[in-house]
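Only this structure's heavy atoms are used, side chains among them; waters, hydrogens and symmetry mates stay out.
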Amino acid sequence: MFSSKLKSARTDMLARAFLTLKDEEDCYRLFEDLFTIREVQDLGQRLQVAQMLSEESTYAEIVEKTGVSTATIGRVNRALNYGAGGYLNVLERMKTEEA
């Protein structure tokens with residue numbers, strides 16, 4: 001079983017809140033209340049970068065398409081390669097749902 005360094009009563013509550021979401025509308029409602037517009041955009045951008053990296057796009061291609069810095073790409077790449085597997089889990093599930 002995975003044990004997160006982030007685990008606390010607060011993050012448990014956050015995780016449970018996300019698990020209650022039923023559809024995209026629920027997500028957007030929570031996003032608007034919980035995050036700033038910039039935070040939502042940044043999170044979406046990181047997920048896009050993770051997807052592009054998993055599809056073996058180059059840093060140059062990612063910068064051109066997304067406008068993110070190479071530092072951000074590097075952080076996402078490190079998470080993909082050495083992180084907890086969250087990006088990969090989500091990307092795989094999204095790919096399965098699209099099929």
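Between the CZ atom of Arg93 and the CG atom of Asn89 there is a distance of 5.0 Å, given to the nearest 0.5 Å. In this structure, the separation between CZ on Arg75 and OG on Ser69 is 6.0 Å, given to the nearest 0.5 Å. Annotation: the span from Gln48 atom CD to Ser57 atom OG amounts to 9.5 Å, rounded to 0.5 Å. Put simply, CZ on Arg46 and CG on Leu53 are 13.5 Å apart, with the number rounded to the nearest 0.5 Å. To the nearest 0.5 Å, atom OG1 of residue Thr66 and atom CD of residue Gln51 are 12.0 Å apart. The structure places OG of Ser8 at 9.5 Å from CE of Met13, a figure rounded to the nearest 0.5 Å.
Thr11 places a side-chain N or O within donor-acceptor distance of the main-chain N or O of Leu6, the cut-off being under 3.5 Å. Judged by distance alone, with hydrogens and angles left aside, the side-chain atoms of Asn81 form a donor-acceptor pair with the main-chain N or O of Asn77 at under 3.5 Å. In this structure, the side chain of Glu39 engages the main chain of Thr36 through a donor-acceptor pair within 3.5 Å. At distances below 3.5 Å, at least one donor-acceptor pair connects side-chain atoms of Thr96 with backbone N or O atoms of Glu92.
Using a 4.5 Å heavy-atom threshold, the side chains of Ile62 and Thr58 count as separate.
Taking the six-membered ring where the residue is Trp, Phe35 and Phe31 present tilted rings, their angle falling between 30° and 60°.
A single hydrophobic cluster is seen to contain both Leu47 and Val63, as judged by linkage of ILVMFWY side chains at heavy-atom distances under 4.5 Å, directly or through other members. Following chains of ILVMFWY side-chain contacts shorter than 4.5 Å, one cannot reach Val76 starting from Leu43, and the two form parts of different hydrophobic clusters. Phe18 and Leu88 fall into different hydrophobic clusters, where Ile, Leu, Val, Met, Phe, Trp and Tyr are joined by side-chain heavy atoms under 4.5 Å apart, directly or via other members. Val68 and Leu91 fall within a single hydrophobic cluster, where Ile, Leu, Val, Met, Phe, Trp and Tyr side chains are chained together by heavy-atom contacts under 4.5 Å. Under a hydrophobic-cluster definition in which Ile, Leu, Val, Met, Phe, Trp and Tyr are linked whenever side-chain heavy atoms come within less than 4.5 Å, directly or via other members, Leu80 and Val90 are assigned to the same cluster.
The environment of CG in Leu19 is crowded: more than 12 heavy-atom neighbours from other residues, nucleotides or ligands sit within 6.0 Å. Remark: Glu55 CD is packed, more than 12 non-hydrogen atoms of other residues, nucleotides or ligands lying under 6.0 Å away.
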(request) For Met52 and Val49, run side-chain contact (heavy atoms from CB on, under 4.5 Å): C-alpha distance rounded to whole Å, both residues' side-chain angles, the deciding distance at 0.1 Å, then the answer. (result) CA-CA 5 Å; Met52 292 179 75; Val49 168; 5.8 Å; no

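Using a cutoff of 4.0 Å between basic side-chain nitrogens and carboxylate oxygens, Glu61 and Lys65 are not scored as salt-bridged. Asp33 has no carboxylate O lying under 4.0 Å from a charged side-chain N of Arg29, or vice versa, which leaves the two without a salt bridge.
Tyr59 meets the ring-ring contact (aromatic ring centres under 6.0 Å, His included) test with no other residue; sequence neighbours excluded.
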